[in-house]
Each structure stands twice: as C-alpha cells, then as structure tokens.
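Take a look at the structure below.
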Amino acid sequence: MATPGMYLHQRLDSSRLVVLLAQWTRAERAPVRQDVAEQLGQWLSVVDAVELNGSLRSIETHVSQPTTGEGAAIDTQALEELLHKAKADLTRLATAPARPARPLRERADNTPVEQPDPQAQADFAAHGPRYAEQQKQLDARLGVLRSQVRAALLKGSAPLQQLAALDGVMEQMLGAREQRLWASLPGHLERRFVQLRKAHQARVQASGLADDPLRWRQPGGWLAGFEQDLQALLLAEMQVRLQPIMGLLEAARNENSRTGNQE
C-alpha cells in the first residue's frame, strides 16, 4: 500500500497547480526550491506513520468481519451529478469578473467617486481578500461533497467501505497540513502580482511614454494578465482538491462494473 507521502505526491505531481507555481518561480528568477509535491511527501513524521499503520489495521479488521449481504449498490450517477454541479458552480465563481476596486482614499470633500480608481487596484491588498474568500468557498463546498461521497461508499461493498474509511483517516491526518498549503498560495499570488507590476513599470520607463492606468485592465494590460493568473491559480487549486473525490467515485464505478450493478 502506498505511503501517505506517496499519496500526497501523486495528487500534486504534474498537477496544474505545481506547473503554474513552477512557471511563476522561473519567471521571477527565484532560486530553485524543492517542489511543492516533494515537500508534501515529507510531511508525515514517524509518529504519524505509526498512527496511520494502526488505523489501517483497524480498518482491515473491521471490514473483514462477516456481514450479511454484499452491501448496497452505489448510485454513482447521483454522486456524479453532485460533483458536476459543485465543479460548475465553483468554476463560475473562480472565473467571474472581478468587482471594480474601491478607491483607497475618498475625495477630500467626501463627494462620491463615480469611476473606480485604477490606482486602488495597483495594491495587492485589493485582491488578496478576494482569493482568500474564494478559498473558503472551495473548502466548504468540496468538504461537504467529499463527506457525501464517502458516506455513500460506506454503504457499499467491503472494498468500498475500506476505501471510504481510509479516505476519512487520510483527510483527518493530512487536513491541517493541506490547509497550510492552501494558506501559502496567496503569498505566491502576491509575488506574481509584484512581478507583473514591475515588468509593466519597466516597459513604461523604457518606452518613455506616460503610463495610463485606465489601460491596465484592458486586453494586454498587466492587471488583466494578473486577473487571468488569479483565476488560473483558483482553478488549479480546485483541481487538486477534487482529486480525492474523483478517486472515490472512480472506485465506486469500477466496483459497480465488476459486480454488474450499473447505475
């Protein structure tokens, strides 16, 4: 059986998330760092490994006990519909146009500002909270979905029960560490923001022309490029978060095919 470190490495290795962060690191000419997937592979301590081994033995013992029947057939179609809806909703959330940033300072006479202040968008503080809020929605929606799929598998055959129990152990054991990974992503995004802003400033200086903040969000503008990167990072994070759920569903489909229980 694969170790927890291998489990995490396989989830992240070659994922869009790792590829995207690697591209940004190369673009900013940062020193080569140990890749994200490899770092995660070292998360588990010896104590964690011992606890996991005990949990696995307990799962195997429980599932191997005699039971009546072979477990209920899993309604994979219903579960896939839940998955597709969650994915579609979260994709719309991630790709929705950003709301215009409010000015960092109001006018001295307190009169309303009719147009969004482009200068207010030139600070990462106008974008970081948005990413953090969307992360919370990803976490909540996919956490509920993962629990629903796992609960369905626990009513199935012995192999599916064992898989669902193992997924619960892995989520509990690695959840805090994964949260620290997700919490680190806004930092990568901020460095990307600074990188794009500096590159834009260098181009303006080299051209000898005056900068036009109103063009920043137009096609080809540096803020338009940043918006694309923000959305790409959210979608890549969602892809990684979805993998355990998709793995559970694939196992259920395979089990239905093996036993002839087609839904």
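Only a predicted model underlies this, so the values are computations on that prediction, with no experimental measurement involved.
- For Q218, the CD atom sits in a packed shell: over 12 heavy atoms of surrounding residues, nucleotides or ligands are nearer than 6.0 Å.
- Within the model, atoms CZ of F226 and CD of Q195 stand 11.5 Å from one another, a figure rounded to the nearest 0.5 Å.
- Between V204 and A210 the shortest heavy-atom distance is CG1-C, 4.5 Å.
- V144 is not connected to I245 by any chain of hydrophobic side-chain contacts under 4.5 Å among Ile, Leu, Val, Met, Phe, Trp and Tyr, and they are in different clusters.
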Margin query: If you apply the rule side chain to side chain contact (heavy atoms under 4.5 Å, CB included), what do you find for E178 with V240, and how did you get there?
Written below: CA-CA 11 Å; E178 290 195 1; V240 176; over 6 Å; no
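- Considering CG of L90 and CG of L235, their distance stands at 9.5 Å, rounded to 0.5 Å.
- Using a 4.5 Å cut-off on side-chain heavy atoms (C-beta onward), D75 and Q77 make contact.
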Margin query: If you apply the rule side chain to side chain contact (heavy atoms under 4.5 Å, CB included), what do you find for Q134 with L230, and how did you get there?
Written below: CA-CA 11 Å; Q134 290 183 319; L230 184 149; 4.2 Å; yes
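- Electrostatic pairing of K85 and E81 does not count as a salt bridge here, judged by no charged N lying under 4.0 Å from a carboxylate O.
- K87 and E80 are not joined by a salt bridge, as no carboxylate oxygen comes within less than 4.0 angstrom of a charged side-chain nitrogen.
- Between A126 and A120, the shortest heavy-atom distance links the atoms CB-O, 3.3 Å.
- When side chains are defined from C-beta on, W182 counts as touching E237, because their heavy atoms get closer than 4.5 Å.
- For Q148 (side chain) and L79 (main-chain N/O), no donor-acceptor pair under 3.5 Å exists by modelled atom type.
- Between L17 and L233, some side-chain heavy-atom pair lies under the 4.5 Å cut-off.
- Shortest non-hydrogen contact noted between L189 and Y131 is CD2-CD1, 3.8 Å.
- The two atoms that bring A252 and T76 nearest to each other are CB-CG2, 3.7 Å, heavy atoms only.
- Atom CG of L153 sits about 5.0 Å away from atom CD1 of I74, to the nearest 0.5 Å.
- Grouping the Ile, Leu, Val, Met, Phe, Trp and Tyr side chains by contacts below 4.5 angstrom, directly or via other members, places M238 with L93.
- Between T95 and L234 the shortest side-chain heavy-atom distance does not fall below 4.5 Å.
- Side-chain contact between H200 and D211: present, with at least one pair of heavy atoms (C-beta onward) separated by less than 4.5 Å.
- A salt bridge is absent between D139 and K136; no separation between the charged side-chain nitrogens and carboxylate oxygens falls under 4.0 Å.
- V149 is not listed as a side-chain neighbour of R146, based on a closest heavy-atom distance of 4.5 Å or more.
- Taking each heavy atom of A86 and L145 in turn, the nearest pair found is CB-CD2, 4.0 Å.
- Note on ring orientation: taking the six-membered ring where Trp is involved, the planes of F193 and H127 are tilted (angle from 30° to 60°).
- Looking at heavy atoms from C-beta onward, L138 lies in side-chain contact with R241 at the 4.5 angstrom threshold.
- Distance alone, capped at 3.5 Å, is enough to place a donor-acceptor pair between the Q239 side chain and the R16 backbone.
- Distance CG/L223 to CD/Q228: 11.5 Å, rounded to 0.5 Å.
- Cluster annotation: L160 and L154 are assigned to distinct hydrophobic clusters (Ile/Leu/Val/Met/Phe/Trp/Tyr, side-chain heavy-atom contacts under 4.5 Å, transitive).
- Electrostatic pairing of R253 and E250 does not count as a salt bridge here, judged by no charged N lying under 4.0 Å from a carboxylate O.
- Side-chain atoms of E227 and Q231 include a donor-acceptor pair closer than 3.5 Å.
- Of the possible donor and acceptor atoms, none in the side chain of R217 sits under 3.5 Å from a partner among the backbone N and O of P213.
- Closest heavy-atom contact between A164 and R150: O-CD, 3.0 Å.
- For the atom pair CD of E133 and CD of Q135, the computed distance is 10.0 Å after rounding to the nearest 0.5 Å.
- Between atom CZ of residue R215 and atom CH2 of residue W222 there is a gap of 15.0 Å, rounded to the nearest 0.5 Å.
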Next item on the list: Could you go through the side chain to side chain contact (heavy atoms under 4.5 Å, CB included) check for D229 and L196 one step at a time?
Entry: CA-CA 10 Å; D229 285 341; L196 292 173; 3.6 Å; yes
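- A 4.5 Å side-chain heavy-atom check between Q119 and W216 finds at least one atom pair inside the cut-off.
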